[in-house]
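Data block below; observations after.
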Amino acid sequence: MRLLASLPTHHQPNSTIPFYSSMSKAKCNPNFQNNNATITSDTTSTSLSFNKSKLSWGRLKSQFEQCHSPKLGHKWMQYQGINHWEGLLDPLDDNLRWEILRYGQFVEAAYHSFDFDPSSPTYATCRFPKTSLLSRCGLNNSGYKITKNLRATCGIRLPKWINKMYELPRNQSSWIGYVAVCQDKEEIARLGRRDVVIALRGTSTCLEWLENLRATLTKLPNHMSKDNNVDDNNSGGDNNSARAMVENGFLSLYVSKTATNPSLQDMIREEIARIIQSYGDEPLSLTITGHSLGAALAILGAYDITATLKNAPMVTVVSFGGPRVGNDVFRNQLEQSGTRILRIVNSDDVITRVPGFVVKNDDVARIGDVHVARLQSWFHKRVEDMQLVYADVGQELRLSSKESPYLKKGDVATCHDLKTYLRLVNGFVSSSCPYMNEVTEYQSEALL
């Protein structure tokens, strides 16, 4: 489980993983017609068979791909959010479901590749070479090739006496994910374009956890800010309210560097610029996906790319269990840049409701009681002065662990775990009929 802290997930080898199909949607809506996939109980068919009581995850995944790999073709921009996923989220479109799960697997691969063991000489590095990482994580048929490993550097410097007293690992820079480019011709044809993925894991080290606690907002540095017409020398509160601001710790992890380690920002900029130069003459998309801390860094990366790189392709963020990142100005500038953000949110995950507060100005106008209105105005002013007024970004696919009939009700960490998110996406139908009471389940090995 990753609760914005260094809590590695231990997957059970024979856990029950529910498998969603559009047949389940038909149980909720008798008029539903599925045009995306055919699933049959014929054991001689190449489509998924429902009469298997036990099925390895590798085989399940392979057959799932055969059934549910939709050909997006010329509609690919719709699934990348060009129309803000209008008509695709409620009920959840099967093609979009598959794409969300597919990007989630790239993030799982980042978790699986990370060395969590503080006693290991390779702690906080990638356990696999980039040439075999995807195959060793079960994604050998993804059609993607990793072109760049990514590292994030913490800006916090702990006193030496703290490290000695608590024997804390002192890794300032840690492997956090990778860039992968679709190279398979069949997959490019299916997707309708060449897709570039940046996959980022969540918090996994002590220093990253400490960065997460730096919850106040701070101005973006000039080299990635779109506020060129605002005077930086004026540090007053009114000026700050007109500036794009983001969480201190997230920004630190994105821009910090050492003499031997470039910043995550520099690595992403350099690699994406190279990819644009190599493939800019063909349809190209950039999908940045992450979980928890990785989701926050994905949004910062999307903002930075669209603000600084010329001829940037369409940029889409698919985030799982992400915390808030910036203020209202930051959100508005993201929207104006054309960045599309799809936030997968578990209503029972507290991490999606932090840091800070979301205070809407029109809330006060709707309240008739003048005393309550004054109280809200005072509260808004106080949290604004404390640099704690955040704004949610993008479109939201809201799920719920409590409404799922096939998930055991878990603790805070379970509700935040990426596995939980993928299972919820797998079974979600619509807001009026969230989950099926009867979901086909298989005793299968976990993906990672």
Distance check, rounded to the nearest 0.5 Å: [X] atom [atom1] versus [Y] atom [atom2]?
| X | Y | atom1 | atom2 | result |
| --- | --- | --- | --- | --- |
| R102 | L139 | CZ | CG | 10.0 Å |
| Y421 | H416 | OH | NE2 | 6.5 Å |
| I100 | N426 | CD1 | CG | 11.0 Å |
| R340 | N83 | CZ | CG | 8.0 Å |
| D349 | L399 | CG | CG | 10.5 Å |
| E208 | I156 | CD | CD1 | 10.5 Å |

Does some side-chain heavy atom of [Y] sit less than 4.5 Å from a side-chain heavy atom of [X]?
| X | Y | value |
| --- | --- | --- |
| Y103 | D195 | yes |
| W85 | L397 | no |
| Y303 | S337 | no |
| S174 | R201 | yes |
| L72 | R193 | yes |
| I198 | I272 | yes |
| H112 | R127 | yes |
| E108 | H291 | no |

Looking only at the side chains, is there a donor atom on one of [X] and [Y] sitting less than 3.5 Å from an acceptor on the other?
| X | Y | value |
| --- | --- | --- |
| T153 | N261 | no |
| T203 | N212 | yes |
| T414 | D411 | yes |
| T216 | N248 | yes |
| Q172 | T258 | no |
| Q80 | T287 | yes |

Search all heavy atoms of [X] against all heavy atoms of [Y] and return the closest pair with its distance.
| X | Y | answer |
| --- | --- | --- |
| M267 | N149 | SD-O, 4.0 Å |
| G104 | L418 | O-CD2, 4.0 Å |
| C137 | S113 | SG-OG, 3.4 Å |
| A296 | P323 | CB-CG, 4.1 Å |
| I276 | A312 | CD1-CA, 3.9 Å |
| L424 | S400 | CD2-O, 3.7 Å |

Determine yes or no for a side-chain-to-main-chain donor-acceptor pair under 3.5 angstrom, with [X] supplying the side chain and [Y] the backbone.
| X | Y | value |
| --- | --- | --- |
| S132 | S135 | no |
| R398 | V345 | no |
| Y390 | V354 | no |
| D348 | C415 | no |
| N95 | P70 | no |
| R343 | V393 | yes |
| R353 | S347 | yes |
| S252 | G155 | yes |

Run E99 and R190 through salt bridge (Lys or Arg N to Asp or Glu O under 4.0 Å) and show every step you take.
CA-CA 12 Å; E99 290 301 294; R190 183 188 76 79; 3.5 Å; yes
Dump the intermediate steps for side chain to side chain contact (heavy atoms under 4.5 Å, CB included) on E211 and L293, then the final yes or no.
CA-CA 10 Å; E211 289 278 30; L293 168 63; over 6 Å; no
For atom [atom1] of [X], decide whether the heavy atoms of other residues, nucleotides or ligands shown that lie under 6.0 angstrom number more than 12.
| X | atom1 | value |
| --- | --- | --- |
| D281 | CG | yes |
| E282 | CD | yes |
| E270 | CD | no |

List for me each residue that meets side-chain contact (heavy atoms from CB on, under 4.5 Å) alongside A298, sequence neighbours excluded, and say none if there are none.
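Partners of A298 by the side-chain contact (heavy atoms from CB on, under 4.5 Å) criterion, ordered by chain and then number, come out as L200, I288, V317.
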All side-chain contact (heavy atoms from CB on, under 4.5 Å) counterparts of D328, not counting sequence neighbours
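R331, N332, A391.
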Might you work through the side chain to side chain contact (heavy atoms under 4.5 Å, CB included) test for F330 and L300, ending with a clear yes or no?
CA-CA 10 Å; F330 176 77; L300 280 178; 4.3 Å; yes
Could you go through C154 and L210, starting from their C-alpha distance and side-chain angles, then the distance that decides it, and tell me whether this counts as side chain to side chain contact (heavy atoms under 4.5 Å, CB included)?
CA-CA 9 Å; C154 296; L210 292 176; over 6 Å; no
How are the rings of Y178 and W175 set to each other: parallel, tilted or perpendicular (split at 30° and 60°)?
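Taking W175 first and then Y178, their aromatic rings lie parallel (interplane angle under 30°).
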Let's go through N346 and T352 carefully: what are the C-alpha distance in whole Å and the side-chain angles of both, what is the deciding distance for side chain to side chain contact (heavy atoms under 4.5 Å, CB included) to 0.1 Å, and is it a yes or a no?
CA-CA 8 Å; N346 181 357; T352 62; 5.9 Å; no
